[in-house]
Amino acid sequence: MIAIFQNAGYMGLYGGLDVDDIHKRKGLEVGQKILDYMGSTELVANLFRISQTEEKLRKDEITGAKAATATHYKVGEEVRGAIEKIGGTMPEDLPTPEKAFNRLKKNNLSD
């Protein structure tokens with residue numbers, strides 16, 4: 001059920017692309033996490049989607065998997081709409097970093 005909920009948020013933000021589509025588009029291997037392979041702009045959009053979904057679920061007292069999943073999709077769509085409105089680059093069109101975020105963070109700490 002969690003996977004369906006997570007997928008809905010991605011689909012809203014990425015114009016209908018699901019986790020598998022995004023994974024393929026980024027050229028990721030099995031086991032590599034999408035969130036680890038995002039530049040700052042894409043990561044911030046996703047974190048905003050996630051945080052605003054949490055807020056809306058809590059504030060509007062949304063319960064049940066179906067309603068929560070629909071809300072996650074809608075929030076993703078709204079974030080996508082805001083990006084489009086300001087003339088930003090759609091998340092699926094942003095470049096994929098060569099190194100995972102957690103690896104970059106680890107390398108910067110050791111330098």
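Taking hydrophobic clusters as Ile, Leu, Val, Met, Phe, Trp and Tyr residues chained together by side-chain heavy-atom distances below 4.5 Å, Ile22 shares a cluster with Leu13. Residues Tyr73 and Tyr14 do not share a hydrophobic cluster, clusters being chains of Ile/Leu/Val/Met/Phe/Trp/Tyr side chains in contact below 4.5 Å. Taken together through direct or relayed side-chain contacts under 4.5 Å among Ile, Leu, Val, Met, Phe, Trp and Tyr, Ile50 and Val44 form parts of separate hydrophobic clusters.
Rounded to the nearest 0.5 angstrom, Met90 CE and Leu17 CG are separated by 12.0 Å. Interatomic distance, CD of Glu54 versus NZ of Lys56, reported as 14.5 Å (0.5 Å rounding). Between atom CD of residue Gln52 and atom NZ of residue Lys74 there is a gap of 14.5 Å, rounded to the nearest 0.5 Å. Considering NZ of Lys24 and NZ of Lys26, their distance stands at 15.5 Å, rounded to 0.5 Å. Between atom NZ of residue Lys33 and atom NE2 of residue His23 there is a gap of 10.5 Å, rounded to the nearest 0.5 Å. Note that CG of Leu94 is 11.0 Å distant from CG of Leu43, once rounded to the nearest 0.5 Å.
Phe48 CZ: 12 or fewer foreign heavy atoms inside a 6.0 Å radius.
When all heavy atoms of Thr89 and Ile83 are compared, the closest pair comes out as O-CG2, 3.5 Å. The two atoms that bring Tyr37 and Glu98 nearest to each other are CE2-O, 4.1 Å, heavy atoms only. The two residues Asp21 and Gly16 make their nearest non-hydrogen contact at OD2-O, 4.3 Å. The shortest heavy-atom contact between Pro97 and Gly39 is CG-N, 3.6 Å. Closest approach of Ala45 and Val79 over heavy atoms only: O-CG1, 4.0 Å.
In this structure a side-chain-to-backbone donor-acceptor pair under 3.5 Å is missing from Asp18 to Asn7. Within the 3.5 Å criterion, the main-chain N or O of Ile4 finds no donor-acceptor partner in the side chain of His72. Under a 3.5 Å cut-off, the side chain of Arg25 and the backbone N or O of Glu92 do form a donor-acceptor pair.
Between Arg80 and Glu84 there is no salt bridge, since none of the side-chain N atoms of the basic residue sits less than 4.0 Å from a carboxylate O of the acidic one. By the 4.0 Å N-to-carboxylate-O rule, Lys99 lies too far from Asp36 to be salt-bridged with it.
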message: One pair to check against side chain to side chain contact (heavy atoms under 4.5 Å, CB included): Gln6 and Val19. What are the steps and the verdict?
response: CA-CA 8 Å; Gln6 290 174 335; Val19 170; 5.6 Å; no
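Looking only at atom types and distance, the side chain of Asp20 has no donor-acceptor partner in the side chain of Tyr10 under 3.5 Å away.
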